[in-house]
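Structure record follows, encoded as structure tokens.
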Amino acid sequence: GNAAKRFQQALRLGRLRACWEAALVLRTPDVWSSLGLGSLEQLDVDMALAAYRMLGDASMVLSLETIRHIEDKNLLAGHVMVLLERDTAAAQELFLRSSLPRAALEMRK
């Protein structure tokens, strides 16, 4: 109970390091999945990678490996939205505002 409570509270506060510590105690797929998603929402690709590795989600790990070195926040956020299958119009808008507006065109293919 205590680790689960700590995990949920840390996740709500966006404290990913504390989430990781609690997740290591809990070690359930739900926890790794929540941490991965929460990390992506904060654009912390390295933490998301670690969580999805623990979850054993090879396709997400491969996808994240391809975007982990992107420094442009708009470009990164656009890729994350596409990965999470979120609002594609918003993702396109982020791509257009990024240093690589061509990504918006590539998204339409």
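Since we're looking at a predicted model, the values are computed, not measured.
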So do Gln42 and Met47 actually touch side chain to side chain, heavy atoms under 4.5 Å?
-> no

The reported gap from CZ in Phe95 to OG1 in Thr88 (rounded to nearest 0.5 angstrom) is 10.5 Å

Decide yes or no for Val31 and Trp20: does some side-chain heavy atom of the first lie under 4.5 Å from some side-chain heavy atom of the second?
-> no

Looking only at non-hydrogen atoms, find the nearest pair between Ser99 and Asp72 and report the distance.
-> N-OD2, 2.6 Å

For Arg68, the salt bridge (charged side-chain N to carboxylate O under 4.0 Å, His left out) test, sequence neighbours excluded, returns Asp46, Glu65

Apart from Met81 itself, its cluster of hydrophobic side chains linked below 4.5 Å comprises Leu94

Taking side chain as C-beta onward, heavy atoms only, is Glu93 less than 4.5 Å from Asp87?
-> no

For Leu43 and Ala77, the nearest pair of non-hydrogen atoms, with its separation, is CD2-CA, 3.8 Å

Check Leu40 against Tyr52 and note the closest heavy-atom contact, atom names and distance.
-> CD1-CE1, 3.9 Å

Partner set under side-chain hydrogen bond (donor to acceptor under 3.5 Å, both in side chains) for Arg15, not counting sequence neighbours | none

Any side-chain heavy-atom pair from Ile67 and Leu75 closer than 4.5 angstrom?
-> no

Minimum heavy-atom separation for Ile70 to Leu76, with atom names?
-> CG2-N, 3.8 Å

